[in-house]
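The block underneath contains the structure these notes are about, expressed in structure tokens.
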Amino acid sequence: FFFQAEDGIRDYKVTGVQTCALPICIPLWKKSYNVAGQTPNRNIRITGLRVSTSGYLYAFGYSTYTPLATTGSDFVLFKINTADGSIVWNKSFSAGGGDNTTVSNCIDIDANDNVYVSGYSTATGGAGGTEYIIASYNSSGTVRWRYAYGTANADTAAAVKYKNGLLYVTGQDGSVSDLNAGILVINPINGSIITQHNIGGSGAESGICIDVDNYGGVYVTGDRKSTR
């Protein structure tokens with residue numbers, strides 16, 4: 001839902017949480033959406049959204065045949081006009097189809113409205129069952145590139161950040177048997193990996209959120225189960 005406060009300041013309401021500048025907000029529009037090319041009985045779950053510097057709303061999540069399930073899911077991405085809620089374009093992607101799972105966990109957007117999606121899939125051939133899925137779409141919704149990354153164990157991309165002309169991704173890295181928090185630095189033009197790191201000890205770790213400062217310092221939060 002898109003709301004406008006009585007003083008004209010725009011804000012958003014998501015899953016019932018309202019954060020307007022004033023206690024009373026006026027609803028501008030509310031919409032329900034389906035994904036182009038998918039049957040109407042698909043269940044769409046929007047798990048997050050982001051507003052670009054150009055003022056468009058990007059909503060992402062996944063669609064399934066079964067409510068609240070992820071099995072057999074496709075990741076979905078909508079570009080929405082904030083003025084009236086109309087869809088500019090929408091995209092879906094399934095790595096393999098059928099009962100395979102493809103889920104988007106996070107997006108980020110650069111100044112040119114190129115969108116970067118991070119998530120995971122069970123259908124890309126990873127030995128550990130799941131692989132990173134990282135994709136980029138341009139402002140018209142055309143795929144710029146898609147990238148799958150997998151190791152001997154489960155890999156999941158949880159968060160993505162565009163900063164200083166580079167793309168940063170964190171999640172769970174299965175390159176070691178006890179699982180580590182992984183960090184990938186990626187070329188946003190073609191999706192190639194520039195460098196990668198993992199953080200961990202004797203137990204399982206995973207990165208959940210990532211941010212980058214203006215000097216290239218990378219900050220990651222997540223789960224840690226190992227001992228020092």
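Index from 1, following the sequence. Here the structure is a predicted model, which means the values were calculated and not measured.
- Rounded to the nearest 0.5 Å, atoms CG (Asp211) and OG1 (Thr221) are 9.5 Å apart.
- Taking SG from Cys106 and CZ from Arg50, the interatomic distance works out to 5.5 Å, rounded to the nearest 0.5 Å.
- Aromatic ring orientation, Tyr116 versus Tyr162: parallel (interplanar angle below 30°, classes split at 30° and 60°).
- Both tests pass for Arg146 against the ring of Phe93: distance under 6.0 Å to the centre and angle within 45° of the axis.
- In this structure, OH on Tyr58 lies 13.0 Å from CG on Asn90, to the nearest 0.5 angstrom.
- Side-chain contact check for Thr142 and Ser140: no donor-acceptor pair (N or O, by modelled atom type) lies under 3.5 Å.
- Atoms CD1 and CG, from Ile46 and Leu77 in turn, are 9.0 Å apart once rounded to the nearest 0.5 Å.
- Panel note: side chain Ser52, backbone Ile109; no donor-acceptor pair is recorded below 3.5 Å.
- Heavy atoms only, all atoms of each residue included: Ser63 and Ile44 are closest at CB-CG1, 3.9 Å.
- Looking at Arg144, its side chain does come within 3.5 Å of a backbone N or O of Pro188 through a donor-acceptor pair.
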Stepwise side-chain contact (heavy atoms from CB on, under 4.5 Å) test for Val160 and Leu167: CA-CA 7 Å; Val160 61; Leu167 196 64; 3.5 Å; yes
Working for side-chain contact (heavy atoms from CB on, under 4.5 Å), residues Tyr168 and Lys163: CA-CA 8 Å; Tyr168 300 82; Lys163 186 75 172 183; 4.3 Å; yes
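- For Ser86, the side chain to side chain contact (heavy atoms under 4.5 Å, CB included) criterion is met by Asn81, Asp84, not counting sequence neighbours.
- Side chains of Asp213 and Tyr219: a donor-acceptor N/O pair is present below 3.5 angstrom, by distance only.
- Between Ile133 and Tyr147, the closest side-chain pair of non-hydrogen atoms is not below 4.5 Å.
- Pairing each heavy atom of Ala159 with each of Ser118, the nearest pair is C-OG, 3.6 Å.
- Remark: the backbone N or O of Gly61 is paired with a side-chain donor or acceptor of Ser104 at under 3.5 angstrom.
- No donor-acceptor pair closer than 3.5 Å links the side chain of Trp89 to the backbone N or O of Ile80.
- A 6.0 Å sphere centred on CD1 of Ile189 holds no more than 12 heavy atoms belonging to other residues, nucleotides or ligands.
- Closest non-hydrogen pair, Asp74 versus Ser92, comes out as CB-CB, 4.5 Å.
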Stepwise side-chain contact (heavy atoms from CB on, under 4.5 Å) test for Ile186 and Ile194: CA-CA 5 Å; Ile186 293 172; Ile194 297 172; 6.0 Å; no
Intermediate values then yes/no, side-chain contact (heavy atoms from CB on, under 4.5 Å), Tyr56 and Val51: CA-CA 6 Å; Tyr56 287 99; Val51 181; over 6 Å; no
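- Summarising the geometry, atom CG belonging to Asn187 is positioned 13.0 Å from atom OG1 belonging to Thr195; distances are rounded to the nearest 0.5 Å.
- The closest side-chain donor-acceptor pair between Asp113 and Ser54 falls under 3.5 angstrom.
- Closest of all the heavy-atom pairs between Ala135 and Phe75 is CB-CZ, 4.5 Å.
- Between the CZ atom in Phe78 and the CZ atom in Phe60 there is a gap of 12.5 Å [rounded to 0.5 Å].
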